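As the structure is a prediction and not an experimental result, all values here were calculated from the model.
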Amino acid sequence: RDRRDCEFRPRFRRPRRSPRVGSLSRSERPSGYGAKRAGVLGNGTVADPYRTLPPAELVYRNPKWRVCSFESKWDTNHPAYDEIYPECPARIPESLRKRLAGLTLTCAKAFGLRGYARVDFRVRGENEVYILEVNPNPEISDTAGFSRCLASAGRSHADFVVRLVEFALTRAGKTSTVFAGTKVSR
């Protein structure tokens, strides 16, 4: 299909979902591949090394929905919207958490990522880990998955935005007294 034939879909703000009551236990989750995401911060330099955020997991309540599609993320009327939900931090074994963090750092170095990024994985069990995507520019609104990872690491969205400006200034070899030591809270 020709690229010009693709329909333009404007982005719109996702409505906030209320927290789920009684999320599924590990034994109730569908078997098969699990979707995991891990964020990374930093410029990959000695002065500003990469740091990983706690991984998140997309929990599929119904085995029918195995892909987190546009509709499952944004269309509140689609049946998949309530069947797939994020869990952050992911409830995974420590060995898998460390493996995902290591792979995230490897991807950040290999692709020369700067500032912030996210690596998406598919996981089967604890031994089969597949890198699905390296996203150098994931959505960073205060309701996005990246912000949930920040929150689970004890960082506010506002602090992250300030730090993002600092990342850019560091990369450019500049400093700013405006942002030096700035702490922002909500």
Side-chain angles (χ1 to χ4, degrees), residues 11-21 23-24 34-59 68 72-74 84-123 129 131-186:
R11 297 204 52 147
F12 53 92
R13 195 166 185 88
R14 179 183 191 174
R16 288 187 186 265
R17 293 184 186 183
S18 58
R20 307 249 183 228
V21 177
S23 62
L24 297 176
K36 313 288 189 276
R37 297 173 168 188
V40 63
L41 301 172
N43 287 322
T45 62
V46 173
D48 189 17
Y50 292 124
R51 295 165 305 286
T52 59
L53 296 172
E57 178 176 16
L58 293 176
V59 178
C68 192
S72 67
K73 289 187 207 177
W74 305 106
I84 301 171
Y85 68 94
E87 188 172 83
C88 190
R91 291 186 291 168
I92 57 177
E94 188 60 29
S95 59
L96 180 57
R97 184 179 311 281
K98 287 179 180 178
R99 185 157 182 219
L100 293 177
L103 288 169
T104 300
L105 291 174
T106 300
C107 287
K109 291 172 188 169
F111 288 93
L113 301 175
R114 298 184 194 171
Y116 69 99
R118 189 188 72 221
V119 181
D120 295 352
F121 302 93
R122 284 291 186 149
V123 178
V129 177
I131 297 169
L132 186 64
E133 172 187 20
V134 177
N135 188 340
N137 188 23
E139 182 182 356
I140 58 170
S141 71
D142 60 350
T143 60
F146 196 86
S147 293
R148 280 189 294 275
C149 290
L150 288 166
S152 70
R155 297 171 182 245
S156 75
H157 182 262
D159 282 333
F160 164 68
V161 172
V162 168
R163 187 69 181 118
L164 192 57
V165 173
E166 291 175 340
F167 287 148
L169 291 171
T170 300
R171 254 194 338 267
K174 299 179 180 181
T175 58
S176 171
T177 56
V178 173
F179 292 105
T182 302
K183 273 291 191 195
V184 181
S185 59
R186 280 194 144 174

Partner residues of [X] under the side-chain contact (heavy atoms from CB on, under 4.5 Å) criterion, sequence neighbours left out:
{"X": "Ala153", "answer": "Leu53, Pro54"}
{"X": "Ala117", "answer": "Val40, Leu113"}
{"X": "Ala101", "answer": "Thr52"}
{"X": "Leu58", "answer": "Ala35, Arg37, Tyr60, Cys68, Ile84, Pro86"}

What residues form a side-chain hydrogen bond (donor to acceptor under 3.5 Å, both in side chains) with Arg118, not counting sequence neighbours?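 Once residues adjacent in sequence are excluded, the partners of Arg118 under the side-chain hydrogen bond (donor to acceptor under 3.5 Å, both in side chains) criterion are Asp120.
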About how many Å separate [atom2] of [Y] and [atom1] of [X], when rounded to the nearest 0.5 Å?
{"X": "Glu166", "Y": "Asp159", "atom1": "CD", "atom2": "CG", "result": "9.5 Å"}
{"X": "Asp142", "Y": "Arg148", "atom1": "CG", "atom2": "CZ", "result": "11.0 Å"}
{"X": "Lys36", "Y": "Arg97", "atom1": "NZ", "atom2": "CZ", "result": "10.5 Å"}
{"X": "Cys107", "Y": "Leu100", "atom1": "SG", "atom2": "CG", "result": "10.5 Å"}
{"X": "Ser141", "Y": "His157", "atom1": "OG", "atom2": "NE2", "result": "6.5 Å"}

Show me the pairs that pass salt bridge (charged side-chain N to carboxylate O under 4.0 Å, His left out) and involve residues 39-50, at least two apart or across chains.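 Every pair satisfying salt bridge (charged side-chain N to carboxylate O under 4.0 Å, His left out) with a residue in residues 39-50: Asp48-Arg51, Asp48-Arg163.
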Sequence neighbours excluded - ring pair (Phe, Tyr, Trp, His ring centres under 6.0 Å) pairs with any residue from residues 92-117: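 Found Tyr116-Phe146, Tyr116-Phe160.
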Does the Asn135 side chain pair with the main chain of Asn137, one donor and one acceptor, at a distance under 3.5 Å?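 Yes.
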Would you call Leu150 and Ile140 a side-chain contact if the rule is heavy atoms closer than 4.5 Å?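 With C-beta onward as the side chain, the pair stays apart.
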